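Structure first, commentary second.
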2 protein chains.
Amino acid sequence: MARRNDHSREQLREMALLASESIISRDGVDGLSTRKVAQEIGYSAGTLYQVFNNFDDLVMQLNSRTLSRLQLQMSQQQRHDARNRLKHYGYCYLRFAHQQPELWHLLFEHRAANPEQRPEELLNNIDALFNLVKVALTELQPTCSENDLTVTANSLWSGIHGIAVLMLKGKLFDGDLQSAEQAVNCLMNNFIQGWTSQGERHA
Amino acid sequence: MARRNDHSREQLREMALLASESIISRDGVDGLSTRKVAQEIGYSAGTLYQVFNNFDDLVMQLNSRTLSRLQLQMSQQQRHDARNRLKHYGYCYLRFAHQQPELWHLLFEHRAANPEQRPEELLNNIDALFNLVKVALTELQPTCSENDLTVTANSLWSGIHGIAVLMLKGKLFDGDLQSAEQAVNCLMNNFIQGWTSQGERHA
DNA sequence: ATAGTAATTAAACAACGTTCAATTAGCAAG
DNA sequence: CTTGCTAATTGAACGTTGTTTAATTACTAT
């Protein structure tokens with residue numbers, strides 16, 4: 001029996017999340033289980049329920065970490081030109097999905113039994129990510145209304161997300177990064193070209 | 001014990017797939033199980049393995065049906081104008097996802113343990129769907145090369161797919177159909193506008 | 001009718017998330 | 001230093017899951 005003061009609750013949480021990431025990188029998303037995590041950190045499965053509400057809670061907290069890592073990668077090395085910055089965001093997103101397909105899959109494809117218990121941290125990180133896109137778009141069209149901006153950012157970024165999804169799904173883009181990057185490039189170029197072309201705005 | 005000549009193999013398959021769809025619409029994707037299907041058709045779980053290689057095989061065959069239904073919806077009521085046809089495809093795709101979220105989720109989000117055993121029928125249906133898009137794009141740019149056409153169709157359709165994914169995910173677009181349609185409209189307008197604008201092509 | 005074949009089943013297996021009574025460790029008071 | 005209380009930890013149990021297999025049963029052909 002592990003002693004009671006060996007690790008604090010916070011340490012336990014940290015260990016469990018770390019172990020989870022290790023298990024996922026070894027056995028894939030479907031290889032993650034409470035019993036494996038428990039064994040890896042030297043506790044029994046029941047103890048995990050002192051730290052997490054349930055399995056989905058563990059996954060959510062894992063996703064929070066993943067998302068903030070992604071956000072970090074995207075927000076660093078800012079380019080001056082808004083156009084190139086948007087492209088950079090798309091490539092970052094894609095590269096992240098390609099480098100950590102399992103964590104990415106868990107982040108965007110996991111279905112919680114009770115979606116209501118999504119931690120705020122995760123929702124905030126999503127918002128922060130979308131704001132990066134909106135800021136860049138604003139620079140391209142300073143006169144654009146807030147509402148149109150939101151729709152446009154949503155549309156464009158959904159597109160990038162779709163490319164990442166289908167890249168990992170494997171069939172489209174031969175599942176390789178380069179051809180997916182080509183798709184991001186194509187989408188970005190045409191979308192931005194259309195959006196900034198004189199005449200009517202298409203929000 | 002169900003009698004041996006009560007149903008042919010093909011009938012059994014049909015019954016199982018029908019029962020599966022019924023279970024999914026009642027209990028959701030995660031409510032689908034071999035035992036439930038077996039019970040619903042009056043056989044034991046083991047018998048299913050005479051008709052399906054495994055659970056994933058059943059899901060794949062279910063997905064084939066779903067996809068061909070989607071393809072049917074998309075290919076009917078063809079509009080003459082290529083631009084409007086593309087939009088129609090997008091709306092169809094979105095509406096289908098919205099009306100049958102569980103089957104749609106199973107179709108695009110299910111991860112087979114062994115992805116190699118995807119039935120050809122499913123792959124063919126995917127190709128057929130993409131061809132609709134490519135044909136419409138060709139009409140917009142008859143001089144476009146086959147390679148550029150493929151990249152463009154992939155990019156555009158991935159974008160539509162991404163919107164559908166995030167609509168069902170619930171957070172973006174408030175999870176409602178109307179605002180997702182707005183996003184499709186935005187993406188389509190800007191993308192097509194950019195792609196058909198004079199000057200450089202962005203494949 | 002009987003022998004042989006093939007479909008069907010029930011039971012078993014391993015693994016899953018989750019719960020809970022029992023146990024044990026740590027701390028505080030006497 | 002011992003005793004008693006509290007709370008962390010555990011192992012076993014429950015109800016699931018997909019899948020396999022030995023035994024049984026139903027049909028067919030001789």
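Since we're looking at a predicted model, the values are computed, not measured.
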| said: Please evaluate residues A/E139 and A/R85 with respect to the criterion salt bridge (charged side-chain N to carboxylate O under 4.0 Å, His left out), reporting the C-alpha separation (whole Å), side-chain torsions for both, the decisive distance (0.1 Å), and the verdict. | reply: CA-CA 11 Å; A/E139 294 175 29; A/R85 217 184 316 142; 2.6 Å; yes
| task | From the options D/dA8, C/dT8, C/dT19, select the nucleotide whose nearest atom is closest to the side chain of A/Y49. | result | C/dT19
| said: Counting only side-chain heavy atoms from C-beta out, which of C/dT8, D/dT19, C/dT18 sits nearest to B/Q50? | reply: C/dT8
Could you give the [atom1]-to-[atom2] distance, from [X] to [N], as a whole number of Å?
X	N	atom1	atom2	answer
A/D57	C/dG17	CG	P	14 Å
A/Y43	C/dT23	OH	C1'	16 Å
A/R9	C/dG26	CZ	C1'	15 Å
B/D6	D/dT25	CG	P	17 Å
A/L48	D/dG11	CG	P	13 Å
A/L12	D/dA7	CG	C1'	14 Å
A/R35	D/dT17	CZ	C1'	12 Å
A/N53	C/dT19	CG	P	10 Å

| query | Going by the angle between their ring planes, with limits at 30° and 60°, are A/Y89 and A/W157 parallel, tilted or perpendicular? | reply | perpendicular
| said: Within the 4.0 Å heavy-atom criterion, would you say B/S33 contacts the bases, only the backbone, or no part of the nucleic acid? | reply: sugar-phosphate
| remark: Comparing A/G31 with B/S44, nearest DNA chain C nucleotide closer to 5' gives the residue B/S44
| Pair B/E109 + A/R111, salt bridge at N-O below 4.0 Å | no
| query | Under a 4.0 Å N-O cut-off, is there an ion pair linking B/R65 with B/E14? | reply | yes
| query | Closer than 4.0 Å, any side-chain N/O of B/T47 to the OP1 or OP2 of C/dT9? | reply | yes
